[in-house]
Asker: 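Input: one structure, supplied below.
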Amino acid sequence: MIQKPPGVEDIFPDRSPKFNFIINTAKEVFQLYNYREVILPVMEYTEVFARGIGDSSDIVTKEMFTFEDRGGRSLTLRPEGTASMVRAYVENGEYNRLALCKFFYHGPMFRAERPQKGRLRQFNQFGAEMFGSDYPWYDFEVISLMNEITTRLQIKNYTLLINSIGCPDCRRPYVGELFKYYSLHEQELCEDCKKRLYTNPLRLLDCKVEGCITLKQDAPKINQYLCQSCNDHFHKTRDLLEEHSIQYIHDPLLVRGLDYYTKTTFEFVTTKLGGQNAFAAGGRYNNLVELFGGKPTPAVGFAAGIERIELLLEELSLKEYLDVYIAYSSNNALPVVIKIAKELRRNNISCDFDPTAKGFKTQFKRADRENARFSLIFGDDEIAKNTATIKDMSSGNQVQIPIDSVIQYFKEISTTG
Ligand code: HAM
């Protein structure tokens, strides 16, 4: 038997309704805020992510699925959507001329991480990105979007963490202070962080190794280093959240695993997912468009992990139903069954039957398994009298009606709900 690779999943109909419910809820909210869908490719030239996410990030150094095409160019399965979105935005001459653009996307992302609960190698995200304004309103808007999605999905017991990691100007002296602090503790750092200290000291704050978490508590905090403009931006964003009653915690040590952020960063976290505590995250990235060769364009966005949200909705049970299962007693009835099935489907009433059916018992079992709302029964008696019996599967009530009235009967039920 050929099995699937580790960290990828088959999502069967026991899960797909919930999965689609999450995506559709997000889409509804995106549309309310005038975000429009972009369908992005799942692979890009590797430099899109190396440049966008950062050469020294964990994603780029350890987690990308990279391979060469037949011409020897390096391609990568996208580990996230933002760098692709920026590449697409810069490449598309029409949209990048507009003063303001709001986009959303959803689809599979790929990261070669060690698989565990809530951490997959192929996982799905939905995300939103806004291009063209540095106004804190939009930091607030993308946070509100995710907040509204959590409300509609009835996700409870989560915390919104926010921080500002400043702009390159105020971050430079801060990173210098971080380097000084961690240099004094170099021997206590994990092996990865010993390297990070010299490549990207900000990453040390993101390490999940216990010793490094302990050291982090006394590390210098960025808020003391923010320049006037970053500080004002952060305060305005926080004021907006407060004015609109969105609760948050300011975590001055919150940094993100991607290098493109400037100013606001945020995470929606929960204690229900073990080590994988964030189910959505994002922030502002004012320099990324320029880094991709576009004109300077401030931007802000977020992405959420659909499988992680699915784990948070454990109690929600969503079933898919079939309107009608058609059961029949003998092969003589099959032409009638086929004709009725065709007409039901033409009238948008879902139905199914087994063209090789033998015996009612297995057919009724199948009707149950398919969550049929009604069974439409053609026994010898019904065929002889040119009728059909309709059985309501939840109440067990049955009626016998002329064959000619069957379609009308179901049409009336479907319009009255
Ligand atoms: P991220 O924090 O890397 O940010 O991922 C966002 C979300 O994707 C996470 O909070 C988590 O729910 C989900 N996720 C990440 N890795 C995995 C995994 N291995 N398995 C399952 N779920 C996962 C970004 O991707 C940025 N592009 C967000 C952003 C958009 N920032 C600005 N705009």
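Note that ligands are numbered from 1 as they come in the structure, with each ligand's atoms numbered from 1 the same way.
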Asker: Are E47 and R73 ion-paired here, with the side-chain N under 4.0 Å from a carboxylate O?
Answerer: yes
Asker: Starting from atom 6 (C) of ligand 1, which protein heavy atom do you reach first, and at what distance in Å?
Answerer: Q125 NE2, 3.3 Å
Asker: What atoms of ligand 1 come closer than 4.0 angstrom to any heavy atom of E129?
Answerer: 30 (C), 32 (C), 33 (N)
Asker: Where is the nearest protein heavy atom to atom 27 (N) of ligand 1: which residue, which atom, and how far?
Answerer: E80 OE1, 2.5 Å
Asker: Only heavy atoms count here, so choose which of F123, Y285, F266 is nearest to atom 18 (C) of ligand 1.
Answerer: F123
Asker: Just wondering, more than 12 heavy atoms not from E188 lying within 6.0 Å of its CD?
Answerer: yes
Asker: Test your reading of the structure: does T82 have an N or O sitting under 3.5 Å from an N or O of ligand 1?
Answerer: yes
Asker: Between the side chains of D58 and K208, is the shortest nitrogen-to-carboxylate-oxygen separation below 4.0 Å, so that they form an ion pair?
Answerer: no
Asker: So, applying ring pair (Phe, Tyr, Trp, His ring centres under 6.0 Å) with F103, which one of F126, Y35, Y95 is it?
Answerer: Y95
Asker: Between D352 and R366, does at least one N-O distance fall below 4.0 Å, as a salt bridge requires?
Answerer: yes
Asker: Does any N/O atom on A128 come nearer than 3.5 Å to any N/O atom on ligand 1?
Answerer: no
Asker: Relative to the heavy atoms of A280, which atoms of ligand 1 are at a distance of less than 4.0 Å?
Answerer: 10 (O)
Asker: By number and element, which atoms of ligand 1 are closer than 4.0 Å to a non-hydrogen atom of F302?
Answerer: 29 (C), 30 (C), 32 (C), 33 (N)
Asker: Can you check whether G305 has an N/O within less than 3.5 Å of an N/O in ligand 1?
Answerer: yes
Asker: Under a 4.0 angstrom heavy-atom cut-off, which atoms of ligand 1 come close to A281?
Answerer: 2 (O), 28 (C), 29 (C)
Asker: Hey, is E9 close enough to R15 for a salt bridge, meaning N to O under 4.0 Å?
Answerer: yes
Asker: I need the atoms of ligand 1 closer than 4.0 Å to a non-hydrogen atom of L120, numbered in the order shown.
Answerer: 18 (C), 19 (N), 20 (N), 21 (C)
Asker: Should we say atom CZ of R36 is surrounded by more than 12 heavy atoms from elsewhere, each under 6.0 Å from it?
Answerer: no
Asker: Is G257 near ligand 1, meaning one of its heavy atoms is under 4.0 Å from it?
Answerer: no
Asker: Test the R78-F49 pair against the cation-pi criterion, namely NZ or CZ under 6.0 angstrom from the six-membered ring centroid and within 45° of the ring axis.
Answerer: no
Asker: Would you indicate which of R308, M109, R256 comes nearest to atom 17 (C) of ligand 1 when only heavy atoms are counted?
Answerer: R308
Asker: Is there a nitrogen or oxygen of A278 sitting under 3.5 Å from a nitrogen or oxygen of ligand 1?
Answerer: yes
Asker: Is the ring pair F374/F410 parallel, tilted or perpendicular, if the boundaries are 30 and 60 degrees?
Answerer: perpendicular
Asker: Which of the numbered atoms in ligand 1 are under 4.0 angstrom from any heavy atom belonging to G118?
Answerer: 20 (N), 21 (C), 22 (N)
Asker: So is E307 touching ligand 1 or not, going by heavy atoms under 4.0 Å?
Answerer: no
Asker: By number and element, which atoms of ligand 1 are closer than 4.0 Å to a non-hydrogen atom of R119?
Answerer: 19 (N), 20 (N)
Asker: If you measure from each heavy atom of G127 to ligand 1, is any distance below 4.0 Å?
Answerer: no
Asker: Cation-pi check for Y321 against R373: NZ or CZ below 6.0 Å from the six-membered ring centre and within 45 degrees of the axis, yes or no?
Answerer: yes
Asker: Taking the basic N atoms (NZ, or NE/NH1/NH2) and the acidic carboxylate oxygens, is any pair closer than 4.0 Å for E148 and R152?
Answerer: yes
Asker: Check this for me: does any side-chain nitrogen of one of E343 and R346 sit under 4.0 Å from a carboxylate oxygen of the other?
Answerer: no
Asker: If I apply the N/O under 3.5 Å rule, does Y105 come out as touching ligand 1?
Answerer: no
Asker: Measuring from atom 29 (C) of ligand 1, which candidate in F279, F110, Y261 has the nearest non-hydrogen atom?
Answerer: Y261
Asker: At less than 4.0 angstrom from any non-hydrogen atom of A303, what atoms of ligand 1 do you find?
Answerer: 6 (C), 7 (C), 28 (C), 29 (C), 30 (C)
Asker: Can you list the steps and then say if K102 with E141 is a salt bridge (charged side-chain N to carboxylate O under 4.0 Å, His left out)?
Answerer: CA-CA 11 Å; K102 300 191 197 181; E141 180 170 281; 2.9 Å; yes
